[in-house]
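Numbers restart at 1 for each chain; the letters A, B, ... are given by sequence-line order, proteins then strands.
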Protein chains: 2
Amino acid sequence: METTTAVTQLSAIAQEARLEIFRLLVQAGAEGLPAGSIGEQLKIPASTLSFHLKELTHAGLTSSRQVSRFIYYTANYEAMNTLLAYLTQNCCAGQAVCCPDLNCHPETENNP
Amino acid sequence: METTTAVTQLSAIAQEARLEIFRLLVQAGAEGLPAGSIGEQLKIPASTLSFHLKELTHAGLTSSRQVSRFIYYTANYEAMNTLLAYLTQNCCAGQAVCCPDLNCHPETENNP
DNA sequence: GCATTATTTCCATATTTATGGAAATATAGA
DNA sequence: TCTATATTTCCATAAATATGGAAATAATGC
């Protein structure tokens, strides 16, 4: 992965509103959410939201598809995976303290 | 981890020069590097470097200590670990495609 | 074709961030 | 104390980013 790509993607999520948008889309799963629904839930005006969605999509972290009058946005898991792998390899570089318990599957946590 | 903290730390590394600085410090290990050495290797003017180092340190991603006339900067592995864990948990949320092969210890890769 | 709804683009504005020279500060050695 | 070295702070400037209303575009159903 190019450093430039990493910087672009990090910039995309290095912003309160966009990080929240991305988290919401991750929760939404493969079906994603229409722009309007995102704006409603996060209380973001349409034009501002559109700007942020463009940033995320430009960075390759989200995708969109049209469904009738709605445009559904989805999180691009592969891209996030690649970014995390880049950070782990380049910014932890085998330092054990940096990698041990990433706790990938928290949904299994509260099952006694 | 607070979302605000994540945004601050992501912003810190979402910049070409700072990401390179951080990577260099990760490679440098626990001893770290004096500011001048970083600037020399990355060809960054002193005042600009100082600005970026302040950003990284303010975000908690680096620390500094004075050694005679030099100020040594070190990467804060724990902080990066926490940030990666946050991203994994909040921005992958159990999506298997997002977590499988983070390849934490690449230095063991080429040992057949 | 017209009205309705969803989203984007346009635009002005405000704010933040990045850059680097020059001066200031700090440490150490002669 | 004087000088050299390391780093930071100050400052002006440039560039990028964020915000949201208003208008434009696109899709649907009547």
Side-chain angles (χ1 to χ4, degrees), chain A residues 3-25 28 31-76, chain B residues 3-25 28 31-76:
Chain A
T3 300
T4 313
T5 308
V7 169
T8 301
Q9 297 187 336
L10 288 169
S11 295
I13 52 171
Q15 209 275 355
E16 189 92 32
R18 287 197 295 267
L19 185 55
E20 283 179 5
I21 292 168
F22 189 80
R23 290 176 64 185
L24 191 60
L25 290 177
E31 194 186 358
L33 289 173
S37 173
I38 300 170
E40 193 179 12
Q41 291 184 59
L42 301 180
K43 306 249 202 294
I44 301 175
S47 60
T48 302
L49 178 65
S50 194
F51 167 76
H52 288 314
L53 287 171
K54 194 164 67 177
E55 291 287 302
L56 285 167
T57 300
H58 176 250
L61 289 171
T62 56
S63 305
S64 61
R65 68 182 197 287
Q66 182 131 16
V67 177
S68 117
R69 261 185 298 200
F70 302 86
I71 295 180
Y72 276 71
Y73 282 86
T74 50
N76 189 340
Chain B
T3 299
T4 313
T5 307
V7 169
T8 301
Q9 296 187 339
L10 288 169
S11 295
I13 52 173
Q15 210 274 356
E16 189 92 31
R18 287 196 296 266
L19 185 56
E20 284 179 3
I21 292 168
F22 189 79
R23 290 176 64 185
L24 190 61
L25 290 178
E31 194 186 357
L33 289 172
S37 173
I38 300 170
E40 191 179 14
Q41 292 185 60
L42 302 181
K43 306 251 202 291
I44 301 173
S47 61
T48 302
L49 177 65
S50 194
F51 167 76
H52 288 313
L53 287 171
K54 193 164 67 177
E55 292 287 303
L56 286 168
T57 299
H58 176 250
L61 289 171
T62 56
S63 305
S64 62
R65 68 183 198 285
Q66 181 131 17
V67 177
S68 117
R69 262 185 297 198
F70 302 86
I71 295 182
Y72 276 72
Y73 282 85
T74 50
N76 188 340

Let me check something: any side-chain donor-acceptor pairs from residues 61-68 of chain A under 3.5 Å, sequence neighbours excluded? List them with distances.
residue: A:Thr62; atom: OG1; partner: A:Thr57; partner atom: N; Å: 3.2
residue: A:Thr62; atom: OG1; partner: A:Thr57; partner atom: OG1; Å: 2.9
residue: A:Arg65; atom: NH1; partner: A:Glu31; partner atom: O; Å: 3.0
residue: A:Arg65; atom: NH2; partner: A:Glu31; partner atom: O; Å: 3.2
residue: A:Gln66; atom: NE2; partner: A:Ser68; partner atom: O; Å: 3.1

According to the side-chain hydrogen bond (donor to acceptor under 3.5 Å, both in side chains) rule, which pairs have a member within residues 12-24 of chain B, sequence neighbours left out?
A:Thr3-B:Arg23, A:Tyr86-B:Arg23, A:Asn90-B:Arg23, B:Arg18-B:His52
So what does A:Tyr73 hit on the nucleic acid, given a heavy-atom distance under 4.0 Å: a base, only sugar-phosphate, or nothing?
sugar-phosphate
Atom OG1 in A:Thr8, atom CD in A:Glu55: separation rounded to 0.5 Å?
9.5 Å
Can you give each donor-acceptor pair under 3.5 Å made by side-chain atoms of residues 34-50 of chain A, sequence neighbours left out, with the distance rounded to 0.1 Å?
residue: A:Ser37; atom: OG; partner: A:Gln41; partner atom: NE2; Å: 3.1

With sequence neighbours left out, the residues meeting side-chain contact (heavy atoms from CB on, under 4.5 Å) with B:Ala14 are A:Leu10, A:Ser11, A:Ala14
Boundaries of the chain A footprint along DNA chain C (any atom under 4.0 Å from a heavy atom)
C:dT4 to C:dT9
Nucleic acid contacts of residues 35-43 of chain B, taken as heavy-atom distances under 4.0 Å to DNA chain C
none
Tabulate atom names and distances for all N/O pairs under 3.5 angstrom spanning the protein and nucleotides 2-5 of chain D.
residue: D:dA4; atom: N3; partner: B:Arg69; partner atom: NH1; Å: 3.2
residue: D:dT5; atom: O4'; partner: B:Arg69; partner atom: NH1; Å: 3.4

Pairwise side-chain contact, B:Thr74 with B:Leu25, heavy-atom cut-off 4.5 Å (strictly under)
no
Strand contacts (DNA chain C) in residues 7-24 of chain B, 4.0 angstrom heavy-atom criterion:
B:Gln15, B:Arg18
Under 3.5 Å, side chain of B:Gln9 to main-chain N/O of B:Ala59, donor-acceptor pair present?
yes
Check whether any side-chain heavy atom of A:Leu24 sits under 4.5 Å from a side-chain heavy atom of A:Phe22, and report yes or no.
no
If you measure from OG1 on A:Thr4 to CG on B:Leu19, what distance do you get to the nearest 0.5 Å?
10.0 Å
What residues in residues 46-62 of chain B put a non-hydrogen atom under 4.0 Å from any atom of DNA chain C?
B:Ser47, B:Thr48, B:Phe51, B:His52
Spacing of A:Tyr73 atom OH and A:Leu33 atom CG [to the nearest 0.5 Å]
12.0 Å
